[in-house]
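Each chain gets a letter, A, B and so on, in the order the sequences are listed, and its residues count up from 1. Both backbone and side-chain heavy atoms feed into the values below; hydrogens, waters and symmetry mates do not.
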There are 2 protein chains.
Amino acid sequence: MNPLGTAPRATLAEYVVGVIRDEIARGELRPGEHLRETELAAALDVSRGPVREALAILESEGQVEIRRHRGAFVSVLTQKDVEEVHTLRAAIEVLAAERATVRLSKAHLTELDRILAAMKNTSGAVAPEEAVRLDLAFHDVLYDAADHARLRRVWASIRSQVAFFLHVRNVNFPDFPTVGHVEHLELRTVLSQGDPVAARVAVEKHMTGSFARLSRLELPSDVAG
Amino acid sequence: MNPLGTAPRATLAEYVVGVIRDEIARGELRPGEHLRETELAAALDVSRGPVREALAILESEGQVEIRRHRGAFVSVLTQKDVEEVHTLRAAIEVLAAERATVRLSKAHLTELDRILAAMKNTSGAVAPEEAVRLDLAFHDVLYDAADHARLRRVWASIRSQVAFFLHVRNVNFPDFPTVGHVEHLELRTVLSQGDPVAARVAVEKHMTGSFARLSRLELPSDVAG
DNA sequence: CGACAGTATGTTGTTGACAATCTATGAAAG
DNA sequence: CTTTCATAGATTGTCAACAACATACTGTCG
């Protein structure tokens with residue numbers, strides 16, 4: 001019931017969410033795959049209750065799609081999904097930056113610098129997973145500093161898809177970790193200056209560059225149900 | 001099981017969501033009140049399963065707060081919540097407007113005009129509920145035209161709280177329905193011109209004015225457990 | 001009299017089995 | 001070959017009972 005290494009003290013639903021999210025991320029569960037509640041429950045050694053709850057959460061994250069009386073299916077991400085996730089993220093991240101820049105605590109700055117240092121150290125050749133982890137960690141600090149519960153919730157709802165896209169990007173553009181460090185360092189500099197307008201502009205620029213690279217990746221342009 | 005007038009053919013969870021949401025909106029369930037799954041299940045004549053699901057949905061909408069092993073409590077909305085809902089709404093509505101203005105179909109415009117006409121007709125003395133309904137309906141069209149599933153989901157997650165705030169506003173500023181018609185008419189005009197930048201600016205203005213009025217309302221400034 | 005530990009109570013969290021409902025598949029009829 | 005219908009499979013909804021947990025209460029000790 002607690003296979004050593006995922007979530008020791010959380011609800012079973014959260015545990016199930018973590019497992020499924022991981023399996024989707026690492027490709028064990030492939031896009032379009034049919035997830036049966038009974039199967040999942042048996043495989044994870046929990047009952048259907050937590051599984052249902054977990055699937056509902058994953059649906060709100062866009063990771064799976066639930067069709068009534070049909071079941072849950074791993075989402076097939078199309079070019080439209082890339083666009084949606086990106087535009088939504090840009091919209092909320094600008095707000096996060098505006099707020100964070102006037103709320104950044106010393107602890108937040110320290111944390112940002114810690115992450116930046118890690119980015120720099122791994123600039124050479126680094127596993128895409130690690131680059132994604134650091135990238136997300138940086139922006140997590142932003143959302144934390146923004147002190148906005150609903151904003152954090154929206155971020156959480158697209159976070160794993162952002163992670164997926166970042167991963168794809170890093171695999172296709174192996175030089176990105178270097179660029180990443182520079183860009184995030186710029187962001188940190190602007191953010192620490194406390195000017196909301198400047199922060200907004202900097203984030204807009206950051207997002208635009210990010211999207212340009214993603215748009216060039218090949219993804220299914222339509223769903224094939 | 002189907003008390004005539006709420007949700008005939010939906011899942012039981014959706015039905016329960018509707019009932020609780022209504023009761024919160026009309027004040028039958030007061031902020032801070034403790035919602036017991038067993039009680040709700042008995043009162044609505046459903047089992048605890050759908051009730052749990054409904055409470056989870058309501059939590060994602062910010063209507064209730066769930067604390068582990070403590071239960072669900074009707075949210076106590078503070079000044080900070082007003083600010084959060086407003087800033088988040090402003091952020092996503094700008095995006096919605098940018099997209100909608102280049103995607104508005106004839107049907108969308110017709111629908112907007114229908115709503116505007118209703119607003120004008122009821123400008124005199126109108127029930128606050130009706131004014132809120134029309135206000136939301138107008139913006140629903142926007143989000144629909146934006147053609148952005150994730151954006152719609154975020155909107156859905158704050159929609160009922162927006163409704164609550166609009167209601168409070170309309171009760172405290174009885175002249176608002178008139179202003180509302182004018183402002184929305186302006187929005188419609190700009191949106192139909194297909195200029196994303198102009199649309200963005202117009203919505204920003206719309207939101208700013210809306211917030212100014214809300215900020216003057218008296219709401220608890222802090223939570224008292 | 002106040003602080004603390006242990007217990008009692010109530011609520012949520014979880015489970016497994018069953019009934020009801022719906023979708024999709026494939027066979028039979030026109 | 002198309003349409004209709006029946007069946008199989010899956011999910012949703014239901015239920016009763018137990019486990020885990022948080023809080024409140026109680027009694028003891030300082």
*Asks:* Please report the shortest heavy-atom distance between A:Ser75 and A:Pro31, naming the atom on each side.
*Replies:*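 So the minimum-distance heavy-atom pair works out to O-CB, 3.6 Å.
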*Asks:* Expressed as a whole number of angstroms, how long is the span from B:His34:NE2 to C:dG10:P?
*Replies:*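 Taking atom P of C:dG10 as the reference, NE2 of B:His34 is at 14 Å.
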*Asks:* Quick check for you: among C:dG13, D:dG13, C:dT15, whose closest atom lies nearest to any side-chain atom of A:Ser47?
*Replies:*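 That would be C:dT15.
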*Asks:* Rounded to whole Å, how long is the line connecting atom CD of B:Glu39 with atom C1' of C:dG10?
*Replies:*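 The answer, rounded to whole Å, is 12 Å.
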*Asks:* Side chain of A:His69, heavy atoms from C-beta onward: which of C:dG13, C:dT21, C:dT14 has the nearest atom to it?
*Replies:*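 Looking only at side-chain atoms, A:His69 lies closest to C:dT21.
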*Asks:* Assuming nearest nucleotide by heavy-atom distance, tell me which of A:Arg70 and B:Leu35 is located more 5' along DNA chain C.
*Replies:*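 Final value for this comparison: B:Leu35.
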*Asks:* Reckon B:Gly71 touches a base, only the sugar-phosphate, or nothing at all at heavy-atom distances under 4.0 Å?
*Replies:*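 If one applies the 4.0 Å heavy-atom cut-off, B:Gly71 turns out to touch the sugar-phosphate alone, with no base involved.
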*Asks:* So if I take every side-chain heavy atom of A:Ile66 and compare against D:dT12, C:dA24, C:dT15, which nucleotide ends up nearest?
*Replies:*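 The listed nucleotide nearest to A:Ile66's side chain is D:dT12.
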*Asks:* Between D:dA10 atom C1' and A:Arg52 atom CZ, what is the distance in whole Å?
*Replies:*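 Atom-to-atom, A:Arg52 to D:dA10, this comes out as 12 Å.
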*Asks:* Specify the separation, in whole Å, of atom CZ of A:Arg48 and atom P of C:dT14.
*Replies:*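 Checked: the CZ to P distance equals 15 Å.
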*Asks:* Can you measure A:Leu12 atom CG to D:dC21 atom P for me and round it to whole angstrom units?
*Replies:*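 Computing the A:Leu12:CG to D:dC21:P distance gives 11 Å.
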*Asks:* Run the salt-bridge test on A:Arg30 and A:Glu33 with the 4.0 Å N-O cut-off and return the result as yes or no.
*Replies:*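 No, no charged N to carboxylate O under 4.0 Å.
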*Asks:* What is the separation between atom CZ on B:Arg67 and atom C1' on D:dT23, rounded to the nearest whole Å?
*Replies:*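 Distance, rounded to whole Å: 12 Å.
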*Asks:* Take atom CD1 of A:Ile57 and atom P of C:dG13, then tell me their distance rounded to the nearest Å.
*Replies:*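 Distance check: A:Ile57 CD1 to C:dG13 P gives 12 Å.
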*Asks:* Quick one: do B:Lys80 and B:Glu83 make a salt bridge, cutoff under 4.0 Å?
*Replies:*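 Between B:Glu83 and B:Lys80 there is no salt bridge, as every charged N stays at least 4.0 Å from the carboxylate O atoms.
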*Asks:* Without decimals, in angstroms, what is the distance between B:Tyr15 OH and D:dG13 C1'?
*Replies:*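 In whole Å, D:dG13 C1' lies 15 Å from B:Tyr15 OH.
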*Asks:* Parallel, tilted or perpendicular: which fits the ring planes of A:His184 and A:His206, with parallel below 30° and perpendicular above 60°?
*Replies:*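 A:His184 and A:His206: perpendicular rings.
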